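One structure is given below, encoded as structure tokens.
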Amino acid sequence: MCLAYSEDAFREGATMIVAYNDEKPTGRIRFSLMHELGHHILKHNGDSNNNEKEANAFASFILAPRMAIHYAKCKNANDVSHIFEMSHEAAKNAFDDYLRWHRHIVTYKMSSYDKAMYSHFYNAEHECFVWSVKKCDFCGKTLYNSIEDRCNICSLPPERTVRDCSDVWDDNSRILHLQHLKWLYDH
């Protein structure tokens, strides 16, 4: 259905159907879906360059709020792309806009919108702005502001070569340990 209208995604206004190309990279899919949601939320009718710019801005701010980019300590567009799961093109635009936002905050003060966002996402228990909440892939522990998918306890051990262990284990122990790692972590 999607490919009949667009390579990425589209929104059909009358039926409010949003369709997307599931063969695109995850970052592209996420941006395309938020872009189409932007058209809906902003009540766009018809196609225009202004509507497209507004929908792109909406998607960018939803996926990577500038304050979240700041507290995630992103240093460049690659960080934004990785942390917020966006395409590199969208991440570059978000990071460039973040730099403008940051200059404004430093020069002036936080806007009422920025203050409201900070208050909403501030976690008193952790005493910080929370830009990411997810579960550890292995144990289910809640991870706050982590770019990793596992907690410290469940993180994979560093890869070790047989040479690394030669002074600790005999050959049979080494083989057993390597098989154990392969079984546990599919190495």
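Heavy atoms only: backbone and side chains are in, while hydrogens, waters and symmetry mates are out. Note that the coordinates shown come from a computational prediction; the quantities given were computed from them, not determined experimentally.
Contact of the Asp97 side chain with the Phe61 side chain is registered, since non-hydrogen atoms from C-beta on lie closer than 4.5 Å. Counting heavy atoms from C-beta outward, Cys74 and Phe84 have side chains that approach closer than 4.5 Å. Contact check for Glu148 versus Leu143: no side-chain heavy atoms found under the 4.5 Å cut-off. Considering only heavy atoms from C-beta on, His82 stays 4.5 Å or farther from Asn78 through its side chain.
Atom CD of Glu89 sits in a sparse spot, with 12 or fewer heavy atoms from other residues, nucleotides or ligands closer than 6.0 Å. Heavy atoms of other residues, nucleotides or ligands lying less than 6.0 angstrom from CG of Asn76 number more than 12. Atom NZ of Lys134 sits in a crowded spot, with more than 12 heavy atoms from other residues, nucleotides or ligands closer than 6.0 Å.
Screening Met67, His70, Arg66 for a side chain to side chain contact (heavy atoms under 4.5 Å, CB included) involving His102 leaves a single residue, His70. Shown are Tyr144, Tyr71, Trp131; of these, the ring-ring contact (aromatic ring centres under 6.0 Å, His included) with His126 is made only by Tyr144.
When the side chains of ILVMFWY residues are joined at heavy-atom separations under 4.5 Å, either directly or via intervening members, Ile41 and Met34 end up in a single hydrophobic cluster. Neither Tyr118 nor Tyr108 shares a network with the other; the hydrophobic side chains, linked directly or stepwise wherever heavy atoms of I, L, V, M, F, W or Y lie under 4.5 Å apart, form separate groups for each. By the criterion of side-chain heavy atoms lying less than 4.5 angstrom apart, applied directly or through intervening Ile, Leu, Val, Met, Phe, Trp or Tyr residues, Val130 is not grouped with Met117; the two fall into different hydrophobic clusters. Under a hydrophobic-cluster definition in which Ile, Leu, Val, Met, Phe, Trp and Tyr are linked whenever side-chain heavy atoms come within less than 4.5 Å, directly or via other members, Ile69 and Tyr122 are assigned to the same cluster. Leu42 and Leu63 fall within the same hydrophobic cluster, where Ile, Leu, Val, Met, Phe, Trp and Tyr residues are linked whenever their side-chain heavy atoms come under 4.5 Å apart, directly or through other members.
Cys139 contributes atom SG, which lies 11.0 Å from atom CZ of Arg150 (distance to the nearest 0.5 angstrom).
With hydrogens and angles ignored, the 3.5 Å screen pairs no side-chain donor or acceptor of Ser60 with any backbone N or O of Asn56. At least one donor-acceptor pair closer than 3.5 Å links the side chain of Arg30 to the backbone N or O of Glu85. Side-chain atoms of Asn145 come within 3.5 Å of backbone atoms of Phe129 as a donor-acceptor pair (strictly under, hydrogens ignored).
Among all heavy-atom pairs drawn from Lys135 and Gly140, the shortest one is CD-O, 3.0 Å. Residues Ser81 and Met86 come closest through the heavy atom pair OG-O, 2.7 Å.
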Glu52 vs His44, test: side chain to side chain donor-acceptor pair (under 3.5 Å). Steps then yes/no.
CA-CA 9 Å; Glu52 291 305 308; His44 288 160; over 6 Å; no
Can Ser111 and Asp114 be said to form a side chain to side chain donor-acceptor pair (under 3.5 Å), step by step?
CA-CA 5 Å; Ser111 68; Asp114 291 323; 3.1 Å; yes
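Taking the six-membered ring where tryptophan is involved, the planes of Phe95 and Tyr98 are tilted, since the angle between them lies from 30° to 60°.
Of the charged side-chain nitrogens involved, none lies within less than 4.0 Å of a carboxylate oxygen, so that Asp96 and Arg100 do not count as a salt-bridged pair.
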